[in-house]
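Here the structure comes first, spelled out in structure tokens, and everything after it is commentary.
For clarity, every value in this text was computed on a predicted model and none was experimentally measured. Throughout, protein chains are lettered first and strands after them, A, B, ... in sequence-line order, and every chain is numbered starting at 1.
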There are 2 protein chains.
Amino acid sequence: MTGYGQFCPMSKAMEVLDERWTLLVVRELLLGSCHFNDLRRGLPKMSPALLSKRLKSLSRAGVVVRTEVDGRSTYSLTPCGQELGEVVDALGRWGIRWLGEVVDADLDPHLLMWDVRRTVPIHEWPVGRTTVEFRLDGVAATASRWWLVVADGHADVCDVDPGHEVTGTVQTSLSTLTRIWRGDVGWATALRDGSVAVSGPVDVRAAIPGWIGQGAKAAVPRPA
Amino acid sequence: MTGYGQFCPMSKAMEVLDERWTLLVVRELLLGSCHFNDLRRGLPKMSPALLSKRLKSLSRAGVVVRTEVDGRSTYSLTPCGQELGEVVDALGRWGIRWLGEVVDADLDPHLLMWDVRRTVPIHEWPVGRTTVEFRLDGVAATASRWWLVVADGHADVCDVDPGHEVTGTVQTSLSTLTRIWRGDVGWATALRDGSVAVSGPVDVRAAIPGWIGQGAKAAVPRPA
DNA sequence: CTGTATCCATGGCGATACTG
DNA sequence: CAGTATCGCCATGGATACAG
């Protein structure tokens, strides 16, 4: 008895979607990941076996299609899967409004920098290569320094020094950068209270908040 | 490890909502059920122990509040819970569009008549008591005859003959009535192809399709 | 790079009965 | 009416290692 025994459309939807991890896989696909290891990077706590299993059931459900492109496995959403964007959106809006507190167990520097990378507003950056260094206080040494490199309309993030000249530096805690990215606190507030510090030439310091993107839900109004 | 270890708002939302049955409980509350046994009626395949457990965790999450009203346990949605209407809506729209086929295991005459009752467009009915009898072909005798009674701005459904004069009768299969209610097929089509038959005075026969309500998602456009 | 194969513990959840 | 109490299965999914 795996179903709900109901003909209600939302019950039928939940039969496809309510298993653990399922909608997070869909979210990753909506955000543009299409290869197995890209998906894994956005879902670091998910075992590969389970990811594989979920991709298979989403295929069976007609949400995902697997194709081979240039010999690489490529997953993408069918029209049916793309329409789950509305569901994912509604969940995100609800989550950001009512589930505001981020506990330590949810913090993850790799995940954060991966999200920062994919929300970089490229056109806000200067032409030519620009590198912003991040220093995360209180994070294990191997994950405390990051370099965000934007060049040729493309953003990359490294956890080893790429050796470029650093245009500016952001220093803060993992928690603060996460909350800024989520939109829980604003740059202005965080700069004022000293929980984040930017360094570099004055024009760079002024520009950095506009260079660092935010999550899609950052602008959602919060309940009073 | 019960959470996802992610700070993404939608992951946080799923931590609260992705367990089996959870969103169906919310759906019932959104539809207006507020007592334990009302909820059970809308969730017949859910064990009472599990319903109790889900209500408790939804309370802990701030989605539901339990109060005593005139000595009766009463569950209702907090503002946070009411906003899940958007999520439930998005899921229902997606479900009706892409999960169209209703299998036999999802058919349930009690559930259907309970849904028909609560979607009755009261103001479409005549003043004074009106009774429509339903005869469901191919359903066990104890659940094949139903009486929908509308009087004083209130609708009731009985599975035993209430003894009133019957204003009109609908005869069809459980599957057809379900698909009509969901909006998968229209009254006109079903009457034309004979899969449903209405009897009674000519004006009643003409009026019945307008008396029987449909699910909230019936009007959602289907993919080509 | 893209997965599979195994293994195991956990606990989710279904079924049923029962109680204030 | 509104839940508890118990029981036991089996499937879920986490961890790890490995393979084409």
Side-chain angles (χ1 to χ4, degrees), chain A residues 1-6 11 14-26 28-29 32-61 64-76 105-106 108 111 114, chain B residues 1-6 11 14-26 28-29 32-61 64-76 105-106 108 111 114:
Chain A
M1 191 77 63
T2 176
Y4 290 114
Q6 304 204 174
S11 324
M14 288 315 276
E15 290 181 5
V16 175
L17 304 172
D18 72 353
E19 274 180 318
R20 198 164 155 71
W21 292 107
T22 301
L23 272 175
L24 304 215
V25 173
V26 172
E28 287 303 305
L29 291 164
S33 293
C34 55
H35 302 300
F36 196 83
N37 284 351
D38 290 345
L39 293 167
R40 290 199 63 186
R41 188 158 181 185
L43 304 162
K45 295 250 171 72
M46 186 181 196
S47 81
L50 194 50
L51 173 56
S52 172
K53 184 176 173 184
R54 287 290 183 273
L55 287 168
K56 282 199 174 66
S57 38
L58 286 170
S59 293
R60 248 179 283 117
V64 161
V65 277
R66 176 182 181 279
T67 52
E68 300 247 343
V69 177
D70 299 334
R72 274 193 89 180
S73 296
T74 303
Y75 296 94
S76 49
D106 295 328
D108 180 332
L111 211 39
W114 177 243
Chain B
M1 190 77 62
T2 174
Y4 289 113
Q6 302 202 175
S11 324
M14 286 316 275
E15 290 182 6
V16 175
L17 303 172
D18 72 354
E19 274 180 317
R20 197 162 154 73
W21 291 107
T22 300
L23 273 175
L24 304 216
V25 173
V26 172
E28 287 302 305
L29 291 163
S33 293
C34 56
H35 301 301
F36 196 83
N37 284 350
D38 291 345
L39 293 167
R40 290 199 62 187
R41 189 157 180 185
L43 304 162
K45 295 252 171 73
M46 186 182 196
S47 82
L50 193 50
L51 173 57
S52 173
K53 185 177 173 185
R54 288 290 183 272
L55 286 168
K56 282 198 173 65
S57 38
L58 286 170
S59 293
R60 249 178 283 117
V64 161
V65 276
R66 176 182 182 277
T67 52
E68 300 247 343
V69 177
D70 300 334
R72 277 193 86 179
S73 296
T74 303
Y75 297 92
S76 49
D106 294 330
D108 179 333
L111 209 40
W114 177 243

Strictly distance-based, threshold 3.5 Å: is any side-chain N or O of A/S59 a donor or acceptor partner for the main-chain N or O of A/L55?
yes

Supply the atom-to-atom distance B/Q6 CD to A/D108 CG, rounded to the nearest 0.5 angstrom.
8.0 Å

Separation of C/dC13 P from A/M14 CE (nearest whole Å)
12 Å

Roughly how bent is the helix from C/dC1-D/dG20 to C/dG20-D/dC1 end to end, in steps of 10 degrees, with each end axis from five pairs?
60°

List the residues meeting salt bridge (Lys or Arg N to Asp or Glu O under 4.0 Å) with A/D38, not counting sequence neighbours, and say none if there are none.
none

Examine D/dG14: is either OP1 or OP2 under 4.0 Å from a nitrogen or oxygen in the side chain of A/W21? Give yes or no.
yes

Separation of C/dC13 atom P from A/E19 atom CD, nearest Å, is 11 Å

For atom CG of A/L50 and atom P of D/dG14, their distance in whole Å
6 Å

Separation of atom CG in B/D70 from atom C1' in D/dC1, rounded to whole Å:
14 Å

Tell me: NZ of A/K45 to P of D/dG14, nearest whole Å?
11 Å

Nearest-nucleotide comparison on DNA chain D, the residue closer to the 5′ end among A/M46 and B/D38:
B/D38

In whole Å, I'd like the distance from the CZ atom of B/R41 to the P atom of D/dG3.
18 Å

Please identify each residue that fulfils side-chain contact (heavy atoms from CB on, under 4.5 Å) with B/R66, with sequence neighbours left out.
B/E68, B/S73, B/Y75

Can you name the atoms? Protein N/O to nucleotides 3-6 of chain C N/O, anything below 3.5 Å, with the distance.
{"unit_1": "C/dG3", "atom_1": "OP1", "unit_2": "A/R66", "atom_2": "NE", "d": "3.3"}
{"unit_1": "C/dG3", "atom_1": "OP1", "unit_2": "A/R66", "atom_2": "NH2", "d": "3.3"}
{"unit_1": "C/dG3", "atom_1": "OP1", "unit_2": "A/Y75", "atom_2": "OH", "d": "3.4"}
{"unit_1": "C/dG3", "atom_1": "OP2", "unit_2": "A/S73", "atom_2": "OG", "d": "3.0"}
{"unit_1": "C/dG3", "atom_1": "OP2", "unit_2": "A/Y75", "atom_2": "OH", "d": "2.8"}
{"unit_1": "C/dT4", "atom_1": "OP1", "unit_2": "A/K56", "atom_2": "NZ", "d": "2.5"}
{"unit_1": "C/dT4", "atom_1": "OP2", "unit_2": "A/S52", "atom_2": "OG", "d": "2.5"}

Taking salt bridge (Lys or Arg N to Asp or Glu O under 4.0 Å) as the definition, give me every residue that meets it alongside B/D18, ordered by chain and number, with sequence neighbours left out.
none

So, using side-chain contact (heavy atoms from CB on, under 4.5 Å) as the criterion, who are the partners of A/K53 when residues are at least two apart?
A/L50

Check the phosphate of C/dC1 against A/H35, side-chain N and O only, distance under 4.0 Å to OP1 or OP2. Yes or no?
no

A/W21: partners by ring-ring contact (aromatic ring centres under 6.0 Å, His included), with sequence neighbours left out:
B/Y4

Nearest whole angstrom, please: distance from the P of C/dC13 to the CG of B/L43.
14 Å

side-chain contact (heavy atoms from CB on, under 4.5 Å) partners for A/E28, two or more places apart:
A/L31, A/S33, A/L39, A/L43, A/W114, A/R118

Output the rounded distance in Å from CG (A/L51) to P (D/dT12).
17 Å

Looking at C/dG12, I'd like to know if its phosphate oxygens (OP1 or OP2) sit under 4.0 Å from a side-chain N or O belonging to A/R20.
no

side-chain contact (heavy atoms from CB on, under 4.5 Å) involving B/S76 - partner list, sequence neighbours excluded:
B/V65

